[in-house]
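Predicted model, so just to flag it, every value in this text is computed and none were measured.
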Amino acid sequence: MLSVDGKALSSQKIEHTIPLMMSIDETFDVGIDTRTPVDDSYKVPFAFTGKIDKLTFKLGPEQLLAEDRKKMEEAVAKARD
């Protein structure tokens, strides 16, 4: 579900995810991190205290670079071993 300021805006079903790369309960947070931290430099929950002037994200075909796709595939293969 996509919500802004606590109001539900949209809800969609994800047919397939990348095994072991995305948790079923992971969240897409903006301005606060409530689940898995991006790195170990902070603890969750973590609220961003700066100002976000603009947020843009593009939905559509995969946007991974070939190099990043290769790393992801290697990580998935390693996780399956």
Side-chain angles (χ1 to χ4, degrees):
M1 176 175 54
L2 173 64
S3 64
V4 175
D5 296 331
K7 295 179 184 178
L9 296 180
S10 180
S11 178
Q12 303 228 347
K13 182 177 179 182
I14 299 175
E15 294 294 335
H16 304 281
T17 62
I18 304 164
L20 305 173
M21 297 292 281
M22 181 174 26
S23 170
I24 189 72
D25 66 344
E26 190 59 68
T27 58
F28 177 77
D29 302 316
V30 177
I32 188 167
D33 197 348
T34 59
R35 295 280 189 207
T36 308
V38 174
D39 63 39
D40 294 328
S41 66
Y42 65 94
K43 303 287 184 211
V44 292
F46 178 84
F48 176 67
T49 58
K51 180 181 177 189
I52 300 172
D53 292 318
K54 182 178 180 179
L55 172 66
T56 303
F57 62 96
K58 180 179 178 182
L59 299 177
E62 180 179 291
Q63 299 175 44
L64 287 177
L65 299 174
E67 177 182 329
D68 293 330
R69 168 157 274 297
K70 183 178 179 188
K71 288 178 187 177
M72 180 190 66
E73 289 170 351
E74 289 170 354
V76 169
K78 184 176 179 182
R80 288 183 178 158
D81 286 343

Q: Applying side-chain hydrogen bond (donor to acceptor under 3.5 Å, both in side chains), name anything that partners Glu67, two or more places apart in sequence or on another chain.
A: Lys71

Q: Taking only residues two or more places apart in sequence, or in another chain, which ones meet Asp53 in a salt bridge (Lys or Arg N to Asp or Glu O under 4.0 Å)?
A: Lys51

Q: Looking at CZ of Arg35 and CG of Asp33, how far apart are the two atoms once the value is rounded to the nearest 0.5 Å?
A: 10.5 Å

Q: Dump the intermediate steps for side chain to side chain contact (heavy atoms under 4.5 Å, CB included) on Lys78 and Glu74, then the final yes or no.
A: CA-CA 6 Å; Lys78 184 176 179 182; Glu74 289 170 354; over 6 Å; no

Q: Would you please name every residue forming a ring pair (Phe, Tyr, Trp, His ring centres under 6.0 Å) with Phe48, sequence neighbours left out?
A: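 Result, ring pair (Phe, Tyr, Trp, His ring centres under 6.0 Å) vs Phe48: none returned.
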
Q: Give me the atom names and distance for the closest heavy-atom approach of Thr34 to Val44.
A: C-CB, 4.4 Å

Q: Just verifying a value: how many Å separate Met72 CE and Arg69 CZ, rounded to the nearest 0.5 Å?
A: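 Answer for the CE-CZ pair, Met72 versus Arg69, is 3.5 Å.
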
